[in-house]
Every structure is written in structure tokens, then in C-alpha cells.
Amino acid sequence: MGNAIFSCCEQKPSVQAELRSESRLTWRVTRLFTNNRRRRKPVRMKRGLQENELKDGGGPSGECKRTLKRLCEPTRERAVEAEGISWEHLPQEILLHVFQYLPLLDRAYASQVCRGWNLAFHMPELWRCFEFELNQPASSYLKATHPELIKQIIKRHSNHLQYVSFKVDSSRESAEAACDILSQLVNCSLKTLGLISTARPSFMELPRSHFISALTVVFINSKSLSSLKIDDTPVDDPSLKVLVANNSDTLKLLKMSSCPHVSPAGILCVADQCHGLRELALNYHLLSDELLIALSSEKHVHLEHLRIDVVSENPGQQFHTIKKSSWDAMVHHSPKFNLVMYFFLYEEEFGPFFQDEIPVTHLYFGRSVSKDVLGRVGLTCPRLVELVVCANGLRPLDEELIRIAQRCTQLSAIGLGECEVSCSAFVEFVKMCGDRLKQLSIMEEVLVPDSRYELDDIHWEVSKHLGRVWFPDMMPTW
């Protein structure tokens, strides 16, 4: 009995605490409800008072009305000031600047945010530059431009396109798709056009008439084409005449290496008519004395860049020679132009080259080249700025490098691959060139230790003469 009473006495405080907690909660809810009603009541009273005043013919003055309207309906500027910067109220100029940094897919997602952003998505400035990526999923892992997007671009933005390129894979279907798009660009005035094959030149697999028909649509309708890159395509002489007839006053850059259907007469027509041409890239079989004379005429602007690809299609192929007087006329007319030459020849095919002085500035040997040819380079290329030798053989190039350092006083970059040079000759070469060697890429396997220098010493000696820290390149071991 006593225990039961003690137990009840122990439970009583907890029950009282629960009651106090419950009453406290009820008091808080009641107070919140009451305060809420007190806040609303004056508003209803004021509205009621305003209605009565209006019924009675009274009311606030005009100034008071304007004040109330300004307080109740804030302007956009006041809302922006009160809430901070609002994205939907950004000026179109800022949206345009932001959209220019977004990938196309992100821009498309952003255009669904609001009407203003959708309008910005279709602004002509965003569609002046576009790259069509045409790849077949079965033959390429690269992303491709969606067909529906291509249709929308042609329908809504073809007249806005100015800087266009097509990047196609090795499939014929992708090249045909590019030609199909080109044939529909009848309302645009392109300034630049580039046809780029990411792998095998797929444009060459198309019927020539089909490709030419699509390309001439752009030539005829553009009227202001300034840059054209059509390497590895079946372009021919008649299509170049169409190009010249419609864009002779604006064309400044033309790259058309590996275009077998173009003759020297076709490229000469371009040089004769396009006096503003500043950059030209072509195969050696299109180069002629007549072309160099045409580029050196008084009507023609100073040429800035001439790239020549010397490629052997079959072993033992014969190459023509260019007269020294033609090169001299070119240098006299454009003394600062860069002559870039890529050689992909077999050793026995170098006979016509480097017999007389040639104004080459950038020289690349993609295949093995003999000591004799490199020796002639040092004698006939006084304007040489950059030299890259992919391979030479097992005979050291000591004398040849020293001769190049002596005669090519503008040399500032050199790269050697599968060659051999003694450490002493290499240090002497660097010492003669000095700090004008801005780029020095030499594989460690190229350097042969001798009695004066070991591989561990070469780093310090070369760095001392270059005026900066230098290390030879290492061949990856994976």
C-alpha cells in the first residue's frame, strides 16, 4: 500500500509537466493566431475606409494616389534593386555574351528557361560561326550534329551563317551529307568555308559532279568568300573559275593540298585574278615558275604564307625543278613571306631539290633523309627558321648541323627524331646558335656520348649556352 502511494507520488510531477507543456503550446498557437488577425484587421479597415470615402465622394489627393501606386506597384528597377539582379531581366547584349561561351547543347537547354532566353538563342550573332560534325555511329566514336538541328539551322539561320566548317569521318555517307547541306546554302553569304576529313579523305569517294555541284552553290551565292580550305577534295579547274568569277576581290586564303583534278593552269587562274591572296597551300605538282611570277606581279598583294607539300605517290617518281630566278622574284616582291615545305619522299627522289638557293623558312622531312640532302640544306637555305628531321639513319649528322648553324643565321627551332649526333657536335651547334634557339626538341636517343661529354653532362652545357634550363626529350616507355 505504501509502495503504491509512493509510486503515485512519483508519477504526479511528470503528469503535471505534460499538462504545463500542453497548455504552453496552446497559448503559443492562440497568440500566433491572434497576432495574425490583428495584422489583417487594420488592412481590412483601411480598405473599407477607402471604399466608403470613394462612395462619399472623398478620397486621397492626386499626389497621395501616386505615392500609394508607387508603393504598391514598384517598377522593374525598384524590384531589381529590392530583390537583387534578376536573370530574366538581363539585357540581350549580356545574354549574347554569355551564350557565346556555352556549347550548343547547353545553349539549347538554356533557351527553354524563358521567352527572353529563347529569343537570345536565335539571335543572328550566335549563328554566324558553326561547325557541322558529320559522323556515322557505326564507324566513328566522335559526336555528330543532330539531323533535326541541321534542319532547323537551314530553315531559320542559313542566311546568318558566315564562318562554316564541315568535319566528316571516313564514311562516304558523311561526305554526302555535307554536300547535301552545301547545296541548300543558297541564302547565305559565307566568308570562310572549311571541308575537313578527320580520317581517310571521304570526299574523294564521291562522284566529282555531285561534289562540284554542291560546292559551286556556295561559290555563286557567297560573293564575299575570304578563306577556303578544300584539301583532299575532287575540286577541279572549272569550279575554281566559278570561285574566281564570284569572289576574286575578297579571297585571301586558299588551301587545296591533295586535289588531283586541279592543274597548274587552274591554280594560275586563281593567282592571276585574286590579287588579294595572302596565304596559299598546294601540292608541289601545281607549283610552277609561272605561278611564282604571277604571285610576284605588281598587282598582287604581298604574299604572307606559301605552303608546298612534296609528296611521292609512287617510289621513283620524277619531280620538276623551279628556277632560282622565279624564287628571287618572289622574295623581291614579298621579302617577309614564309615558305613552308613538307617533304614525304624517298631518298632517291631528292635529286631536283636543294641544288640552288631556295627561300624556304620552315622545312619538315617526314621520311628518312640522307646526310647529303641535309648538307645541301645548310648551303641552299639561308632563310631557314625551323627544321624538323623525322629520321636519318645511323650516320652522325655532326658536320651537317654545324654547317646549318653557320649558314642559317635565322634558325630558331629544330627537332630531331631518329638521328644520331655526337654530344660534342650538338653542344657546338647550340653554342653557335645561342639563345636564338627558342625551340630545341631532341630525343635523348639522338645524342651519342663521346670523349668530351656524357649524357649526364649534356644538360648543363646546353642550358648554359641557351640561357635557360633544357633537358632532352624522353621516349615514353609504356
Side-chain angles (χ1 to χ4, degrees), residues 189-195 208-209 211-311 319-342 352 356 358-361:
S189 181
L190 298 185
K191 293 184 178 181
T192 67
L193 174 63
L195 304 181
R208 193 197 312 178
S209 59
F211 175 82
I212 296 302
S213 176
L215 190 63
T216 51
V217 169
V218 177
F219 290 171
I220 293 174
N221 291 282
S222 289
K223 304 296 184 181
S224 59
L225 201 60
S226 63
S227 174
L228 181 62
K229 301 177 182 179
I230 47 175
D231 298 326
D232 300 299
T233 61
V235 63
D236 56 10
D237 291 355
S239 59
L240 289 182
K241 290 182 179 180
V242 176
L243 169 68
V244 170
N246 294 275
N247 301 273
S248 60
D249 295 334
T250 59
L251 190 63
K252 297 180 180 180
L253 183 149
L254 178 60
K255 292 186 177 181
M256 46 181 302
S257 298
S258 301
C259 297
H261 302 296
V262 176
S263 68
I267 193 64
L268 182 60
C269 172
V270 175
D272 281 335
Q273 301 296 324
C274 301
H275 297 146
L277 195 63
R278 296 182 181 274
E279 297 187 35
L280 180 63
L282 56 133
N283 278 63
Y284 185 79
H285 79 274
L286 296 178
L287 186 66
S288 63
D289 294 301
E290 293 77 12
L291 176 61
L292 292 178
I293 296 301
L295 294 173
S296 306
S297 66
E298 295 182 357
K299 296 180 181 179
H300 205 286
V301 299
H302 296 297
L303 197 70
E304 297 176 358
H305 192 92
L306 176 62
R307 169 175 169 166
I308 307 296
D309 292 345
V310 190
V311 183
F319 292 89
H320 63 282
T321 58
I322 301 296
K323 297 178 182 178
K324 182 179 180 299
S325 58
S326 301
W327 287 122
D328 291 341
M330 190 75 228
V331 174
H332 179 74
H333 178 267
S334 304
K336 296 183 179 180
F337 90 104
N338 292 318
L339 175 59
V340 182
M341 300 189 73
Y342 285 81
D356 296 318
I358 180 172
V360 62
T361 56

Q: Mind checking side-chain contact (heavy atoms from CB on, under 4.5 Å) for T321 and listing every partner two or more places apart, or none if nothing turns up?
A: P352
Q. How long is the span from the CE atom in M330 to the CG atom in L306, to the nearest 0.5 Å?
A. 6.5 Å
Distance-only donor-acceptor hits, side chain of residues 332-341, under 3.5 Å, sequence neighbours excluded:
residue : atom : partner : partner atom : Å
H333    : NE2  : S297    : O            : 3.0
H333    : NE2  : H300    : O            : 3.0
S334    : OG   : L303    : N            : 2.9

Q. Which pairs count as side chain to side chain donor-acceptor pair (under 3.5 Å) when at least one residue sits in residues 214-225, sequence neighbours excluded?
A. S189-S224, K223-N246
Q. Rounded to the nearest 0.5 Å, what separation is found between the OG atom of S258 and the CG atom of N283?
A. 4.5 Å
Q. Would you say the side chain of K229 lies within less than 4.5 Å of the side chain of T192, judging by non-hydrogen atoms?
A. no
Q: Supply the atom-to-atom distance L243 CG to I220 CD1, rounded to the nearest 0.5 angstrom.
A: 11.0 Å
(Q) Would you say that L286 contacts I308 through its side chain, given a criterion of any heavy-atom pair below 4.5 Å between the two side chains? (A) no
May I have the list of side-chain donor-acceptor pairs in residues 270-278 shorter than 3.5 Å, sequence neighbours left out?
residue : atom : partner : partner atom : Å
H275    : NE2  : D272    : O            : 2.7
R278    : NH1  : E304    : OE2          : 3.4

Q | Counterpart residues, side chain to side chain donor-acceptor pair (under 3.5 Å), relative to D236 (two or more places apart) | A | S239
Q.
Just so I know, are the side chains of I322 and Y284 near enough to count as touching, which here means a heavy-atom distance under 4.5 Å?
A. yes
Q. Hey, does L280 have a side-chain heavy atom less than 4.5 Å from the side chain of I267?
A. yes
Q: Under the side-chain contact (heavy atoms from CB on, under 4.5 Å) rule, collect the residues that match up with D328, sequence neighbours excluded.
A: K324
Q. Rounded to the nearest 0.5 Å, how far does CG of L225 lie from OG of S248?
A. 11.5 Å
Q. Tell me the salt bridge (Lys or Arg N to Asp or Glu O under 4.0 Å) pairs involving residues 238-255, sequence neighbours left out?
A. none
Q. Do T233 and C259 come close enough that some side-chain heavy atom pair is under 4.5 Å?
A. yes
Q: List in chain and number order the residues that pass side chain to side chain donor-acceptor pair (under 3.5 Å) with S326, two or more places apart in sequence or in another chain; answer none if no residue qualifies.
A: D289
Q. At what distance, to the nearest 0.5 angstrom, does CG of L295 lie from CG of L287?
A. 9.0 Å
Q | Shortest non-hydrogen separation from N247 to F219 and the atoms involved | A | ND2-O, 3.1 Å
(Q) Among residues at least two apart in sequence or on other chains, which ones pass side-chain contact (heavy atoms from CB on, under 4.5 Å) with S325? (A) K323
Q. Would a 4.5 Å heavy-atom cut-off, applied to side chains only, mark L193 and L215 as touching?
A. yes
Q. Residues in side-chain contact (heavy atoms from CB on, under 4.5 Å) with S288, at least two apart?
A. E290, L291
**Q.** Non-neighbouring partners of D231 that pass salt bridge (Lys or Arg N to Asp or Glu O under 4.0 Å), sequence neighbours left out
**A.** none
Q) How would you list, by chain and number, every residue that makes a side chain to side chain donor-acceptor pair (under 3.5 Å) with S263, sequence neighbours excluded? A) D237
